[in-house]
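First comes the structure, then the notes that go with it.
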Amino acid sequence: MLGKFFQKPDKEQGERVPPGQHLAKGFPVLTYGATPQVSIEEWEFRVWGLVKPAVFSWSDFMALPQHEFTADFHCVTRWSKLDVKWTGIKVTDFMNLLEVEPEAVHVMEHCYGGYTTNIAMEDFVREENFFAFQLFGEPLPAEHGGPMRLVVPHLYAWKSSKWINGLEFLNQEELGFWERNGYHHRGEPWAEERYSGAFGF
Ligand SMILES: Nc1nc2c(c(=O)[nH]1)N[C@H]1C(S)=C(S)[C@@H](COP(=O)(O)O)O[C@H]1N2
Ligand SMILES: [Mo]
């Protein structure tokens, strides 16, 4: 399936492309449903469940340390993009603001527009995960999740919620939108954890 939409990786890049994936040209947009339009003035981020409930504004996020990140991006529909450059805030820095209860072992990501995806706490609190508000030095475009999205580089990109606006802390796994519709619960690209198997994939 090489050609118009895919390019062949060189040798060094090839070792960074997980099995069954091709390099995309450009940066495709993959959204289920409409693109929410949210201004930074109205933007709000909530935490609830097994955590002291709190609401954060855009300026609360901007007060946290900002970093540049370079990360590879793998969509389960078989395209990957290497070396995406983002600016953002580490999940671990944000988590330091929260009082999470020790029983919280799982997290539901919530978004403007209603998308959800679930992630185990240990996958969520990794040092390399971040909330992104710039892409290649420009404000994150709405179609790529602006004003703010999550990026979880070590899992398929459906775990990287666009327009993220909340975290629900859980004492057991619950399933998000794609996971309820047959996607794998964890989604690790190097193990090709694409689908849960229950739907004959
Ligand atoms: N809120 C929301 N987040 C989302 C999605 C979505 O439909 N809604 N799609 C996911 C999927 S399947 C992928 S591959 C990536 C795509 O990100 P991109 O459109 O910036 O390439 O976003 C993920 N995050
Ligand atoms: Mo995807």
Side-chain angles (χ1 to χ4, degrees), residues 1 5-7 16-40 42-47 61 69-88 91 107-120 123-124 126 128-168 174-196 199 201:
M1 271 267 290
F5 298 109
F6 297 113
Q7 61 194 47
R16 291 163 56 197
V17 179
Q21 297 290 111
H22 293 292
L23 285 183
K25 286 179 181 162
F27 192 2
V29 170
L30 230 291
T31 302
Y32 183 86
T35 295
Q37 303 291 334
V38 186
S39 70
I40 60 176
E42 65 189 312
W43 187 85
E44 267 187 354
F45 193 100
R46 288 173 186 271
V47 296
F61 266 68
F69 300 88
T70 301
D72 297 346
F73 197 89
H74 310 294
C75 173
V76 72
T77 65
R78 298 186 179 273
W79 58 268
S80 292
K81 182 169 177 63
L82 303 182
D83 293 325
V84 184
K85 302 259 193 288
W86 310 89
T87 310
V91 166
V107 182
M108 188 69 76
E109 304 169 19
H110 291 265
C111 305
Y112 288 102
Y115 182 88
T116 54
T117 185
N118 63 282
I119 187 167
D123 282 320
F124 182 64
R126 283 168 65 135
E128 73 268 21
N129 297 345
F130 55 94
F131 297 98
F133 58 91
Q134 285 184 5
L135 174 62
F136 294 113
E138 302 289 336
L140 181 61
E143 67 267 24
H144 284 298
M148 184 83 77
R149 79 177 298 163
L150 182 69
V151 179
V152 178
H154 76 290
L155 298 178
Y156 282 123
W158 88 80
K159 301 292 186 179
S160 293
S161 283
K162 305 197 278 190
W163 317 290
I164 191 164
N165 72 351
L167 299 172
E168 179 183 3
E174 289 182 21
L175 300 183
F177 172 70
W178 282 121
E179 293 84 2
R180 286 194 305 272
N181 285 286
Y183 279 27
H184 195 277
H185 297 185
R186 179 157 186 255
E188 211 281 311
W190 295 93
E192 286 206 73
E193 293 176 341
R194 296 176 187 277
Y195 306 105
S196 68
F199 293 77
F201 293 108

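Note that ligands are numbered from 1 as they come in the structure, with each ligand's atoms numbered from 1 the same way.
Taking the salt bridge (charged side-chain N to carboxylate O under 4.0 Å, His left out) definition, one finds that Arg16 meets it with Asp72, Asp83, sequence neighbours left out.
Ion pairing of Glu188 with Arg186 is absent here, as no side-chain N (NZ or NE/NH1/NH2) approaches a carboxylate O to less than 4.0 Å.
Here the closest non-hydrogen pair linking Pro189 and Tyr156 is CA-CZ, 3.5 Å.
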Under 3.5 Å, N/O to N/O: give me all the pairs between ligand 1 and the protein, one per line with atom names and distance.
from     : atom 1 : to     : atom 2 : distance (Å)
ligand 1 : 1 (N)  : Lys162 : O      : 3.0
ligand 1 : 3 (N)  : Lys162 : N      : 2.9
ligand 1 : 7 (O)  : Tyr32  : N      : 2.7
ligand 1 : 9 (N)  : Leu30  : O      : 3.1
ligand 1 : 17 (O) : Arg149 : NH2    : 3.2
ligand 1 : 19 (O) : Leu30  : N      : 2.8
ligand 1 : 19 (O) : Lys162 : NZ     : 2.5
ligand 1 : 20 (O) : His144 : ND1    : 2.6
ligand 1 : 20 (O) : Arg149 : NH1    : 2.7
ligand 1 : 21 (O) : Pro28  : O      : 2.7
ligand 1 : 22 (O) : Arg149 : NH2    : 3.2
ligand 1 : 24 (N) : Ser160 : O      : 3.1

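Ring planes of Trp43 and Phe61: perpendicular class, angle over 60° (limits at 30 and 60°).
No side-chain N or O of His110 forms a donor-acceptor pair with one of Thr116 less than 3.5 Å apart.
Residue Phe136 qualifies as enclosed at atom CZ: its count of foreign heavy atoms under 6.0 Å is above 12.
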